[in-house]
Colleague: 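Please find one structure pasted underneath; my questions will follow.
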Amino acid sequence: MARNVVDEPNEDIVANAKKERAEKRGPFGRLALFIRQVFNELSKVVTPTRRELITYTLVVLVFVIIMMAIVSGLDIVFGTLVGFVFGGAV
């Protein structure tokens with residue numbers, strides 16, 4: 001029973017090849033590669049619907065308000081404790 005064996009290059013060979021290719025590129029070639037990669041990544045972005053955008057915004061605002069309340073409460077508690085321990089005017 002014969003099998004078709006596909007040799008896959010190991011990670012070191014791939015990394016070395018990429019490094020050599022990058023060294024051969026000039027500054028404009030590297031800039032062009034960067035811009036192509038940026039456009040490629042931007043094409044993968046999924047724009048949320050209006051409903052999703054509103055939902056995400058509300059979730060973030062509620063989270064920020066809750067965190068502000070927690071930090072403010074801790075600030076008041078610790079400020080009062082410090083004033084009590086060190087005899088400040090509270």
Side-chain angles (χ1 to χ4, degrees):
M1 181 178 248
R3 287 188 173 186
N4 290 337
V5 177
V6 177
D7 288 335
E8 294 183 14
N10 65 16
E11 295 173 7
D12 294 333
I13 294 174
V14 173
N16 287 338
K18 286 182 180 180
K19 188 171 72 171
E20 288 173 5
R21 261 187 270 132
E23 290 173 354
K24 290 179 184 176
R25 287 190 183 102
F28 293 110
R30 288 192 302 260
L31 182 62
L33 174 65
F34 174 74
I35 291 173
R36 276 196 310 267
Q37 289 173 343
V38 167
F39 281 120
N40 186 28
E41 291 299 319
L42 285 175
S43 69
K44 298 176 187 177
V45 173
V46 178
T47 306
T49 63
R50 183 174 183 86
R51 182 182 205 106
E52 289 173 338
L53 185 64
I54 291 170
T55 303
Y56 298 155
T57 303
L58 290 175
V59 167
V60 169
L61 289 176
V62 168
F63 176 77
V64 168
I65 290 169
I66 290 171
M67 293 308 296
M68 284 174 48
I70 290 171
V71 170
S72 297
L74 289 173
D75 182 47
I76 291 169
V77 168
F78 288 131
T80 304
L81 288 174
V82 167
F84 179 72
V85 169
F86 294 109
V90 178

Colleague: In Å and rounded to the nearest 0.5 Å, what is the CZ to OG1 distance from Phe84 to Thr80?
Modeller: 11.0 Å
Colleague: Do Arg36 and Leu33 come within less than 4.5 Å of each other through their side chains, counting heavy atoms only?
Modeller: yes
Colleague: For residues 50-70, run the donor-acceptor check on the side chains, cut-off 3.5 Å, and write out each pair with its distance to 0.1 Å, sequence neighbours left out.
Modeller:
unit_1	atom_1	unit_2	atom_2	d
Glu52	OE1	Thr49	N	3.0
Thr55	OG1	Arg51	O	2.8
Thr57	OG1	Leu53	O	2.7

Colleague: Honestly curious: do Phe39 and Leu31 fall in one hydrophobic cluster under the side-chain, below-4.5 Å linking rule?
Modeller: yes
Colleague: For Val46, what are the other residues in its hydrophobic cluster, where any two members join if their side-chain heavy atoms are less than 4.5 angstrom apart?
Modeller: none
